[in-house]
Amino acid sequence: MKNIEIARIFTEIADIQEFRGYDIFKIRAYRRAALNMEGLARDVATLSHKELLEIPGIGRDLAAKIEEYLDTGSIAVHEQLRQDVPPGMLELLAVPGLGPKTARLLYEKGGIRSLDDLERAASEHRLAGLPKIRSQAEQNILRGLALVKRGRERFPLGRMLPLAHELAEELRKHAALERIEVAGSIRRWKDTVRDIDLVATSTDPAALMAAFVALPQVERPVSHGLTKSTVLVRHGVQVDLRVVGRESFGAALAYLTGAKNHNVRLRDMAVRLGLKINEYGIFTEKGDQRLGGEEEQEIYRILGLPFIEPELREDRGEIEAALAGALPRLVTKADIRGDLHVHSRRSDGSHSLEKLAEAARERGLSYIALTDHSRSLAMARGLTIEQLLEQHREIEAFNRSNPGFTILHGTEMDILGDGRLDFPDDVLRDLDLVIASIHSGFRQPREQITARLVAAMRNPFVSIIGHPTGRLIGEREPYPVDMEEVLRVAQETGTALEINAYPLRLDLNDASARRAGELGVAVAINTDTHVIDNFDALPYGIAVARRGWLEKGNVLNTLGKGELLKRLKGGNRMKRS
DNA sequence: GCCGTTTTCGGCCCGACTGTTTTCAGTCG
């Protein structure tokens, strides 16, 4: 998909224009368009001119530039702008605390052309002579440079969410704390996260802030104020704490939850209604009368909108949907009845089926599917056909003596490197469900991998495609795959796609999940449990579905056991006739 | 460059912290 490339070009246009001092509103338009391109589930190349214009932030001009890129492989305006700026200059904007104005100053007055120039000049104290730059500013630049070198990367949600709650718990012990919530992209359950945002109210803000910057987890305080402080904790993760008055908690929570463009849209709406929104509340235009702000819901209510769940707040059409009364009724944890992807110790899991069933029942589920690996995945001790039959008898025995809970018998069957499936049809026929997954040949070309998945979906016994892109966030890129084609064949064959809830997978991602919903392709939210604690990752998978605008009806494992089996034996297998 | 129940022109979200500054610009979120 060209979406990401176009987004990158728009961002670079904005960067260069900012460096060159262009109109800030034009620059913002490019940045907003870039964000919306990134979040677009559909391949931009498949959209009509009219559909392009429906993307928020894309108007006549930018639509033309997108089309220019699709036709010619480049955008003339972008190529021209690149002539105007030494290639190393844009890297300077990545230094925290160093913005376009300072970059320009360094370029014009300091002869700086690249990060290397900057580092040399700063370490030789040659910057301090420049206007507006004294030794403190020079120190900040050096520190910023160190951060850039380490990479201002995004971190997996699965590592950041627990850290955020750990910090919030630590602050809860403080006597001056009243309320505290984790906000930011963590509250929106975005799959990767750059920093941690906390919002609190306190009987003694000064004391709470002092405690915050002195937490044992803190490696270095960055800024320290009465209402806002920033620290760095391990791995260079940035944590912001905002402390506001009780009457402002909801407004601050909304403000800090973002996403930025969602907030901009809300504030814009407020202005049109003669109101003003800030992190302290929602007010009449002159700020003389407070209309609300203690609870987040008030902001939306006063704007005449239904409450918009944090997972939807990305400026991806949720405000338009809210205005039209067309917000989805997002799937919730309570809707999930079972887990369709669980490994026992027969392959690479750690527990007996009794133990797994007990753990699932304790978590409120009424069924699980045992889906151990198939014979070719030797490193995961994949089951032979004989072992599969043995497991079948074991499961039948369990179900006979445990009427309140059901174990379904399935397999996570390998899609082999050459596209064949690991078990013949007469073995698959006797199973309750079949997940087909790719565990090898990740480096094959896109066409070949897509063809393997398509072939698996065309098999009449395959119910679900497991972790459809194979990614491990921060560790392994997704394999190349034509997701639109996969979704199309899933639609045609009635195959479900998995949302694997394992926090480093989250695969499908949110954009593809949303596209699945649009096409009427069912998803299965599964934990891929290997040890029982993995069951507790279910909320991560549910969050992906919610970020993809999915409702209960889009999710296979919201069905009760009877309906599910009917669907697996009937609907899904219509393709067999 | 986008956008419209005030507008097809003229707006475009809002505030905290820092550093070098005597009143504010730059940066960030």
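Any value given below was found using the heavy atoms of this structure, including those in side chains, with hydrogens, waters and symmetry copies removed.
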Compare side-chain N and O positions of [X] against OP1 and OP2 of [N] and report whether any pair is under 4.0 Å apart.
{"X": "A/Asn140", "N": "B/dG19", "answer": "yes"}
{"X": "A/Asn278", "N": "B/dG15", "answer": "yes"}
{"X": "A/Gln238", "N": "B/dC28", "answer": "no"}
{"X": "A/Thr102", "N": "B/dT27", "answer": "yes"}
{"X": "A/Arg194", "N": "B/dG29", "answer": "no"}
{"X": "A/Thr227", "N": "B/dC17", "answer": "yes"}
{"X": "A/Lys132", "N": "B/dC24", "answer": "no"}
{"X": "A/Lys228", "N": "B/dG29", "answer": "no"}

When you compare [N] with [M], how far apart are their [atom1] atoms, in angstrom units rounded to a whole number?
{"N": "B/dC12", "M": "B/dT18", "atom1": "P", "answer": "29 Å"}
{"N": "B/dC2", "M": "B/dC17", "atom1": "P", "answer": "36 Å"}
{"N": "B/dA16", "M": "B/dT21", "atom1": "P", "answer": "24 Å"}
{"N": "B/dC28", "M": "B/dT23", "atom1": "P", "answer": "25 Å"}
{"N": "B/dT8", "M": "B/dC14", "atom1": "C1'", "answer": "28 Å"}
{"N": "B/dC9", "M": "B/dA25", "atom1": "C1'", "answer": "30 Å"}
{"N": "B/dC13", "M": "B/dG4", "atom1": "P", "answer": "14 Å"}

Task: For B/dG11, the Watson-Crick or wobble partner whose two distances fall under 3.5 Å - done: B/dC2

TODO: Please state whether the base of B/dT21 and the side chain of A/Arg134 form at least one donor-acceptor pair under 3.5 Å?
DONE: no

TODO: Check if the side chain of A/Tyr255 and the base of B/dG15 share a donor-acceptor pair of N or O atoms closer than 3.5 Å.
DONE: no

- [ ] Tell me which nucleotide among B/dC3, B/dG15, B/dG1 gets nearest to the side chain of A/Arg32.
- [x] B/dC3

Task: A/Val264, nearest nucleotide to its side chain (from B/dC13, B/dG1, B/dG15) - done: B/dC13

TODO: Would you please classify the geometry between the A/Trp189 ring and the A/Tyr540 ring as parallel, tilted or perpendicular, with 30° and 60° separating the classes?
DONE: perpendicular

Name the nucleic acid region contacted by [X], choosing base, sugar-phosphate or nothing; use a 4.0 angstrom heavy-atom cut-off, strictly under.
{"X": "A/Leu266", "result": "nothing"}
{"X": "A/Ile58", "result": "sugar-phosphate"}
{"X": "A/Leu98", "result": "sugar-phosphate"}
{"X": "A/Ile277", "result": "sugar-phosphate"}

Task: A/Gln289 versus A/Thr284, side-chain donor and acceptor atoms under 3.5 Å - done: no

